[in-house]
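Worksheet: the structure to be examined is printed underneath.
What you see is a predicted model; the values in this text were computed from it and never measured. Numbering of ligands and ligand atoms starts at 1, following listing order.
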Amino acid sequence: MTKSTRLLLIGPPGAGKGTQAGILAATYAIPAVSTGDIFRSNVKNETELGLRVKAIMAAGEYVPDSVTNAVVENRLGESDTAAGFLLDGYPRTPDQVHELDRMLSAQGTALDVVVLITADTDEVVSRLLKRAVVEGRADDTESVIRHRLALYEEQTAPLIDLYEKRNLVVAVNGLGAVDDVTSRIVAALAAKGILAPAA
Ligand code: B4P
């Protein structure tokens with residue numbers, strides 16, 4: 001493994017970011033930092049932050065950049081991220097990219113790879129509707145899912161170009177079994193010189 005591994009997972013809602021983030025964090029022995037999970041846990045625990053973002057998330061809107069950036073800056077300030085991390089669901093806007101650049105350059109570090117997980121709209125809508133039955137997430141109704149997808153296309157998909165210009169992006173097909181998607185990501189990372197630590 002390289003001395004430290006700083007990864008970012010990007011892709012539409014339902015592409016499998018959260019699913020793969022958990023598996024990859026264990027594989028590469030780095031913490032997954034999921035803004036969605038952080039917000040959901042705050043909503044569940046009815047913290048001040050949770051009360052602030054609850055309705056925004058239920059409507060499928062993005063939490064304001066200033067709030068999201070502060071959450072990530074705090075999390076990346078924790079010692080377990082010093083040897084690397086995997087960002088899941090952040091950044092999603094140009095301002096978040098800018099702030100992440102600032103945070104990392106202040107640490108004298110940078111991202112190693114941006115993994116783009118692709119999946120078509122029909123597949124992601126069907127996955128999220130299935131998850132609605134299992135988990136009952138407030139933002140997994142069909143109209144909110146479609147809104148989240150539109151927001152992704154408008155605000156987040158353009159960021160891929162920006163990271164492509166930095167030569168950081170590897171695109172991985174997110175269709176098929178979860179294990180197969182993981183194997184594709186592991187192979188794509190290996191091609192970039194990022195290897196899992198020996199067990
Ligand atoms: P997230 O938690 O990031 O939600 P998401 O985009 O839906 O992705 P998630 O990771 O949960 O789903 P996954 O694709 O893994 O964000 C939720 C909300 O938080 C946002 O709408 C926003 O309000 C807020 N937020 C978060 N980050 C923000 C930011 N940076 N700025 C502003 N606001 C922010 O999985 C989906 C389903 O597919 C699962 O049920 C899974 O089991 C299934 N699945 C996964 N892989 C599969 C496969 N290969 N085959 C079949 N099913 C699969």
Any Lys/Arg nitrogen of Arg166 or Asp101 sitting under 4.0 Å from an Asp/Glu carboxylate oxygen of the other? yes
Say whether Glu135 and ligand 1 are in contact under the criterion: heavy-atom distance to a ligand atom below 4.0 Å. no
Side-chain ion pair, Lys17 and Asp88, N-O less than 4.0 Å: no
With a cut-off of 6.0 Å (strictly less than), are more than 12 heavy atoms of other residues, nucleotides or ligands near CD of Glu135? yes
Can a non-hydrogen atom of Arg137 be found less than 4.0 Å from any atom of ligand 1? yes
Please could you name the atoms of ligand 1 that Thr68 approaches to less than 4.0 Å, counting only its heavy atoms? 29 (C), 30 (N), 31 (N), 32 (C)
With respect to Val181, determine whether any N or O atom, backbone or side chain, lies less than 3.5 Å from an N or O atom of ligand 1. no
Heavy-atom contacts with Arg40 under 4.0 Å: which atoms of ligand 1 show up? List them by number with element. 2 (O), 17 (C)
Return the closest protein heavy atom for atom 45 (C) of ligand 1 as residue, atom name and distance. Thr19 OG1, 3.2 Å
Within the structure, is a non-hydrogen atom of Ser34 found at a distance of less than 4.0 Å from ligand 1? no
Identify whether the distance between the nearest side-chain nitrogen and carboxylate oxygen of Arg146 and Glu142 falls below 4.0 Å. yes
Counting C-beta onward and ignoring hydrogens, is there a side-chain heavy-atom pair between Phe39 and Ile56 closer than 4.5 Å? no
At less than 4.0 angstrom from any non-hydrogen atom of Thr35, what atoms of ligand 1 do you find? 26 (C), 27 (N), 28 (C), 30 (N)
Would you mind checking which non-hydrogen protein atom is closest to atom 23 (O) of ligand 1, with the distance to 0.1 Å? Glu61 O, 2.7 Å
Is Gly89 close to ligand 1, meaning an N/O of one under 3.5 Å from an N/O of the other? yes
Taking only heavy atoms of Leu128, which atoms of ligand 1 are found under 4.0 Å from at least one of them? 36 (C)
Can you tell which of Arg148, Met57, Arg92 gets a heavy atom nearest to atom 1 (P) of ligand 1? Arg92
Has ligand 1 got any nitrogen or oxygen that is less than 3.5 angstrom from a nitrogen or oxygen of Ile56? no
Given Val63, Leu151, Leu149, identify the one with the heavy atom nearest to atom 32 (C) of ligand 1. Val63
Hey, are Thr93 and Asp65 close enough side-chain-wise for a donor-acceptor pair under 3.5 Å? yes
How far is atom 43 (C) of ligand 1 from the closest protein heavy atom, and which atom is that? Arg127 CD, 4.0 Å
Of the backbone atoms (N, CA, C, O) and the side-chain heavy atoms from C-beta on, which set of Ala15 has a member under 4.0 Å from an atom of ligand 1: side chain, backbone, both, or neither? backbone
In one Ile/Leu/Val/Met/Phe/Trp/Tyr side-chain cluster, 4.5 Å: Phe85, Leu116: yes
Evaluating non-hydrogen atoms only, which member of Arg131, Gln20, Gln96 is closest to atom 40 (O) of ligand 1? Arg131
protein heavy-atom neighbour closest to atom 49 (N) of ligand 1 works out as Gly176 O, 2.8 Å
In terms of residue, atom name and distance, what is the protein heavy atom nearest to atom 8 (O) of ligand 1? Lys17 NZ, 3.5 Å
Under 4.0 Å to a heavy atom of Val178 - the qualifying atoms of ligand 1, by number: 46 (N), 47 (C), 48 (C), 49 (N)
For the residue pair Arg137 and Met57, establish whether any side-chain heavy-atom pair is separated by less than 4.5 Å. no
Side-chain ion pair, Asp80 and Arg75, N-O less than 4.0 Å: yes
Check the pair Leu189, Leu7 against side chain to side chain contact (heavy atoms under 4.5 Å, CB included), reporting the backbone distance first and the verdict last. CA-CA 10 Å; Leu189 291 175; Leu7 306 176; 4.0 Å; yes
Does Ile10 reach the side chain of Ile117, with side-chain heavy atoms less than 4.5 Å apart? no
Among Gly16, Gly18, Gly60, closest by any non-hydrogen atom to atom 14 (O) of ligand 1: Gly16
Out of Phe39, Tyr152, Tyr90, Tyr62, the nearest non-hydrogen contact to atom 24 (C) of ligand 1 is supplied by Phe39
Counting C-beta onward and ignoring hydrogens, is there a side-chain heavy-atom pair between Val144 and Arg148 closer than 4.5 Å? yes
Roughly how far, to the nearest 0.5 Å, is the OG1 atom of Thr27 from the CG atom of Leu195? 12.5 Å
